[in-house]
Amino acid sequence: MKGLALPPRVALAQRPTPLQYLPRATERWGCGKRLWIKRDDLTGCLLSGNKVRKLEFIIAHALAEGYDTLITCGGLQSNHCRATAFAAAQAGLSAHLVLRGDTPLTGQGNYLLGQLAGATINCYPKSHYVAELPALLEAWRVHYAERGKKALVIPTGGSDGLGIWGYIAACEELREDLARADIESAHLVTATGSGGTQAGLTLGTALHALPLTVWGVNVCDDEAYFLNKVATDVADWRSRFPGQPAATVTPRVIDGYVGAGYGVASPEVLRVIADLAALEGVLLDPVYTGKAFHGLVKELPTGRFDDQRDIIFLHSGGVFGVFPQADQFGFLHTAASG
Ligand SMILES: *Cc1c(COP(=O)(O)O)cnc(C)c1O
């Protein structure tokens, strides 16, 4: 790719992550296709998953512009908020998390980790959060400004024209993965929640002319929402980084696997998480990757991917989301005693 000029980036992620073949999953679910997994759950431990790739560019921007505080938002168990809290601590910045949900009596999972990383946390009941989020973020920004501090507001999931650089840049890595694994062309499937990963991959594959067809399996909202969100993030990228090469972006969404709602996994999703863990030693999460992988498994027999021999699933992380839902995995005890 000529002319793509990456903005400043701080090294936070362990890169490159492995592209791993899944022989037993291929046999079980592949329907004649080869299944691969891009291990972005291995970008780090606390700084893990897809969010850390975005944060490399967001933190670099914050440091360059003299911000001392990062304000961001998400669900109580947000992976993005946890990763932001740890990235801030590593960079010597303060983090302030604005979370959706009632303040828990005891912290667990990502919420607990955010506390341990020293983030200031405010929880808002869901209706208040949904109705008021932009005003809440702005009020906190002003709060810091009045105290002589400079706070950067990072949008949900770090998904905007800056954050999507994470997966535009990851496409360079994917090009090498394809060459090394001798994959001519493939479908690339990711969970999509705030759209930035999908936007970065969709734009990045176009800019790098990679032989990949990118699909987002939405874990909330619907197809129309994500078609629009990807277009919005790409437009924001264009306006913030003028002079980048042209590319035609065609977002693709696999809708129909949200189930009962964001963060709520059906028994089938929980089952596929346990099955993949036992088959391949790869652990998915109930909020994002488990739902998306379940969608992939369901779509494979429908012929949606029949023009390619290879499927790459992006493991975008989320391991800490397993433990707050431990009681959902009760079926495992039944199996063990039987
Ligand atoms: C945030 C997240 C996603 C979704 O990525 P977006 O860029 O927000 O769409 C997928 N998987 C995991 C584990 C996440 O934390």
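Numbering of ligands and ligand atoms starts at 1, following listing order. The analysis underlying the following values was restricted to heavy atoms, covering all of them including side chains, and did not include hydrogens, waters or symmetry mates.
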Query raised in the report: Going through the distances and angles, do Asp275 and Arg28 end up as a salt bridge (charged side-chain N to carboxylate O under 4.0 Å, His left out)?
Result: CA-CA 10 Å; Asp275 286 349; Arg28 171 123 182 222; 3.2 Å; yes

Query - Where ligand 1 meets Gly318 - atom numbers and elements under 4.0 angstrom, heavy-atom basis - result: 13 (C)

Query raised in the report: Which atoms of ligand 1 have any heavy atom of Gly317 under 4.0 Å away?
Result: 13 (C)

Requested in this report: Note the single closest protein heavy atom to atom 2 (C) of ligand 1, along with its residue, its atom name and the distance in Å.
Outcome: Lys51 NZ, 2.4 Å

Requested in this report: Kindly indicate whether a cation-pi arrangement holds for Lys38 with Tyr167, taking the cut-offs as under 6.0 Å to the six-membered ring centre and within 45° of the axis.
Outcome: no

Query raised in the report: Between Lys291 and Asp285, is there a side-chain N and carboxylate O pair less than 4.0 Å apart?
Result: no

Query raised in the report: In the protein, which heavy atom is nearest to atom 10 (C) of ligand 1, and how far is it?
Result: Ser316 OG, 3.2 Å

Requested in this report: Find all atoms of ligand 1 within a distance of less than 4.0 Å from any non-hydrogen atom belonging to Asn79, and give their numbers and elements.
Outcome: 13 (C), 14 (C), 15 (O)

Report summary line: One finds that the ligand 1 atoms under 4.0 Å from a non-hydrogen atom of Thr197 are 5 (O), 6 (P), 7 (O)

**Report entry** ligand 1 to Gly157 polar contact by distance, N or O atoms, under 3.5 Å
**Finding:** no

Report task. Taking atom NZ of Lys150 as the centre, report whether more than 12 heavy atoms of other residues, nucleotides or ligands fall under 6.0 Å from it. Result -> yes

Query raised in the report: At what distance is the nearest protein heavy atom to atom 5 (O) of ligand 1, and which residue and atom is it?
Result: Asn50 ND2, 2.9 Å

**Report entry** Taking atom 8 (O) of ligand 1 as the reference point, the nearest protein heavy atom with its distance
**Finding:** Ser194 OG, 2.5 Å

Report task. Before signing off on this row, confirm whether Gly193 and ligand 1 have an N or O atom pair separated by under 3.5 Å. Result -> yes

Requested in this report: In sequence, state the C-alpha distance, the side-chain angles, and the governing distance for Asn50 and Arg53, and then conclude on side chain to side chain donor-acceptor pair (under 3.5 Å).
Outcome: CA-CA 6 Å; Asn50 57 347; Arg53 288 194 189 265; over 6 Å; no

Query - Side-chain donor/acceptor of Arg309 to backbone N/O of Arg34, under 3.5 Å - result: no

Report task. Heavy-atom contacts with Gly196 under 4.0 Å: which atoms of ligand 1 show up? List them by number with element. Result -> 7 (O), 9 (O)

Query raised in the report: Should you measure from each heavy atom of Thr192, which atoms of ligand 1 turn up under 4.0 Å away?
Result: 9 (O)

Query raised in the report: Could you state the interatomic distance from CG (Asn110) to CZ (Phe86), rounded to the nearest 0.5 Å?
Result: 9.5 Å

Query raised in the report: Given Lys54, which of Ile164, Thr197, Leu162, Ile59 fulfils the side chain to side chain contact (heavy atoms under 4.5 Å, CB included) condition?
Result: Thr197

Query raised in the report: Is it the side chain (CB and beyond), the backbone, both or neither of Lys54 that lies under 4.0 Å from ligand 1, heavy atoms counted?
Result: side chain

Requested in this report: Please lay out, stage by stage, how Glu268 and Lys298 fare under the test salt bridge (charged side-chain N to carboxylate O under 4.0 Å, His left out).
Outcome: CA-CA 10 Å; Glu268 294 75 32; Lys298 287 292 198 189; over 6 Å; no

Query - Test side chain to side chain donor-acceptor pair (under 3.5 Å) applied to Ser185 and Gln308, step by step - result: CA-CA 7 Å; Ser185 56; Gln308 301 294 341; 2.6 Å; yes

Query raised in the report: Hey, does Ser159 sit under 4.0 Å from ligand 1 if you only count heavy atoms?
Result: yes

Requested in this report: Using distance alone, determine whether Gln198 and ligand 1 share an N or O pair under 3.5 Å.
Outcome: no

